[in-house]
Undergrad: 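Have a look at this one before I ask anything.
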Number of protein chains: 2
Amino acid sequence: MSNQEGTRKLPSHLSVTGQDTADDSSTCEHIGRMLARISDKWTILVVRTLGRGPQRFNALRREVGEISQKMLSSTLRDLEENGFVTRTVMPVIPPQVEYALTDLGRDFLRPVYGLADWVIANSSRIDAARAFYAKKHENE
Amino acid sequence: MSNQEGTRKLPSHLSVTGQDTADDSSTCEHIGRMLARISDKWTILVVRTLGRGPQRFNALRREVGEISQKMLSSTLRDLEENGFVTRTVMPVIPPQVEYALTDLGRDFLRPVYGLADWVIANSSRIDAARAFYAKKHENE
DNA sequence: CAGTATCCTTTCCGATACTG
DNA sequence: CAGTATCGGAAAGGATACTG
């Protein structure tokens, strides 16, 4: 079941999910389960922020933005469970807990940056599209 | 730009936009709003599926997988509102409605494939990490 | 400081029924 | 075929209080 790709076969610039791939429903559901675990807003933002370096809890919270302590702690717990971050408790008083990306988490940084950069670069296009859509449907 | 913790080495993963640390407060929230609109599981899967070509509603539904008609229609409406897809109604009986990516949607395909490909390529690593985490915390 | 526990409101989402 | 409308349970998520 565990089909770790031992041979580094990086296909091409085109995606392995392209049209030539047999993409049956089980594959799709598998992708769906994985995506459900990692493709939410807070996960992306937290990973992206941790990409700038290890952070302690409250510093991380300030840097991420408007995240509640509940969401940050649960997001970090999920990230730790999925092997993306490590949680290191320093035995001092007051306690310090440092979060850092693992190798897997740093690898994940690549698609995360890809997504975040795209959003930053194209947010004005989205805003324009939304304004256009709103104007077109304002009489409904 | 200045890091208050001295000369910590920032991992300069190349950002397409060249954004490093200039997004502390408002930009981060802006990214968050955008991410909240497009980074959910169904949006990613639907865009990825539409990347293989225009599709009608039920064909799309079968191809995406276990998505309800409610979620598919609302996801498609959001995608249309954000300017990622067009909705074309063919005036025939029975009605046919074709969904296709816009230019913006096709651009979005690149980070979406990046994310989906990464998930496919690394799901076994995530599974392994989860198993390890579960074993480590089984006595709790 | 770094959380957990609890309450409570909001939102999500599936199921079902109905429409052009 | 391609949806919308409505209901109800489940889950997400914020606010507050409390703990080592």
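Owing to the predicted nature of the structure, the values given are computational and were not obtained by experimental measurement.
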Undergrad: Is the distance from OP1 or OP2 of D:dC1 to the nearest side-chain N or O of B:Arg56 less than 4.0 Å?
TA: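 For D:dC1, OP1/OP2 do not have a side-chain N/O of B:Arg56 under 4.0 Å.
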
Undergrad: How long is the straight-line distance from CZ of A:Arg37 back to CG of A:Asn82, given to the nearest 0.5 Å?
TA: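 It is 5.5 Å, given to the nearest 0.5 Å.
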
Undergrad: In this structure, how many angstroms lie between the P atom of D:dA2 and the CD atom of B:Glu98, rounded?
TA: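 The distance from CD of B:Glu98 to P of D:dA2 comes to 10 Å, rounded to the nearest Å.
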
Undergrad: Considering residues at least two apart in sequence or located in another chain, which fulfil the side chain to side chain donor-acceptor pair (under 3.5 Å) criterion with A:Thr75?
TA: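 Here no residue qualifies.
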
Undergrad: If I take atom CG in residue A:Leu72 and atom C1' in nucleotide D:dG13, what distance separates them, rounded to the nearest angstrom?
TA: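 Atom-to-atom, A:Leu72 to D:dG13, this comes out as 14 Å.
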
Undergrad: Quickly work out the B:Gln55 CD to D:dC1 C1' distance and round it to whole Å.
TA: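 It is 15 Å, rounded to the nearest whole Å.
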
Undergrad: Can you build the contact string for nucleotides 4-15 of chain C? Use B for base contact, S for sugar-phosphate-only contact, and - for no protein heavy atom under 4.0 Å.
TA: B-BB-----BBB

Undergrad: Rest of the hydrophobic cluster containing A:Met90 (Ile/Leu/Val/Met/Phe/Trp/Tyr, side-chain heavy atoms under 4.5 Å)?
TA: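 Result for A:Met90 is A:Val92.
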
Undergrad: Is it the case that the side chains of A:Asp40 and A:Thr43 hold a donor-acceptor pair, with the cut-off being a distance below 3.5 Å and no angle test?
TA: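 A donor-acceptor contact under 3.5 Å links the two side chains.
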
Undergrad: Rounded to whole Å, how long is the line connecting atom CG of A:Asn58 with atom P of C:dG3?
TA: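 Distance check: A:Asn58 CG to C:dG3 P gives 9 Å.
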
Undergrad: Grab the CZ-C1' distance between A:Arg37 and D:dA11 for me, whole Å please.
TA: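 For the pair A:Arg37 CZ and D:dA11 C1', the rounded distance is 17 Å.
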
Undergrad: Quick check for you: to the nearest 0.5 Å, what is the distance between B:Glu80 atom CD and A:Lys136 atom NZ?
TA: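 Output value for this atom pair is 5.5 Å.
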
Undergrad: Only Watson-Crick and G-U wobble pairs with both distances less than 3.5 Å should count. Give DNA chain D in dot-bracket notation, marking inter-strand partners with |.
TA: ||||||||||||||||||||

Undergrad: Sequence neighbours left out, what pairs pass salt bridge (Lys or Arg N to Asp or Glu O under 4.0 Å) with at least one residue falling in residues 89-111 of chain B?
TA: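 For residues 89-111 of chain B, and leaving out neighbouring residues, the salt bridge (Lys or Arg N to Asp or Glu O under 4.0 Å) pairs sorted by first residue read A:Arg125-B:Asp107, B:Asp103-B:Arg106.
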
Undergrad: Measuring to OP1 and OP2 of D:dC1, would you say a side-chain N or O of B:Tyr99 lies under 4.0 angstrom away?
TA: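 No, outside the criterion.
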
Undergrad: Could you tell me how far apart A:Gln96 (CD) and C:dG3 (P) are, to the nearest whole angstrom?
TA: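 Taking atom P of C:dG3 as the reference, CD of A:Gln96 is at 12 Å.
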
Undergrad: Between B:Lys41 (NZ) and D:dA11 (C1'), how many Å, whole number?
TA: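 In whole Å, D:dA11 C1' and B:Lys41 NZ are 14 Å from each other.
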
Undergrad: Please report, rounded to the nearest Å, how far the P atom of D:dA2 is from the CZ atom of B:Arg61.
TA: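 About 11 Å, once rounded to whole Å.
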
Undergrad: In the structure I gave you, are the side-chain heavy atoms of A:Val47 and A:Phe108 within less than 4.5 Å of one another anywhere?
TA: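 Sidechains of A:Phe108 and A:Val47: in contact.
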
Undergrad: Specify the closest pair of heavy atoms between A:Gln55 and A:Ala59, including all atoms of both residues, with the distance to one decimal.
TA: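 Closest heavy-atom pair between A:Gln55 and A:Ala59: OE1-CB, 3.4 Å.
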
Undergrad: Which residue pairs satisfy the side-chain hydrogen bond (donor to acceptor under 3.5 Å, both in side chains) criterion with at least one member in residues 85-97 of chain A, sequence neighbours excluded?
TA: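 Found A:Arg87-A:Tyr99.
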
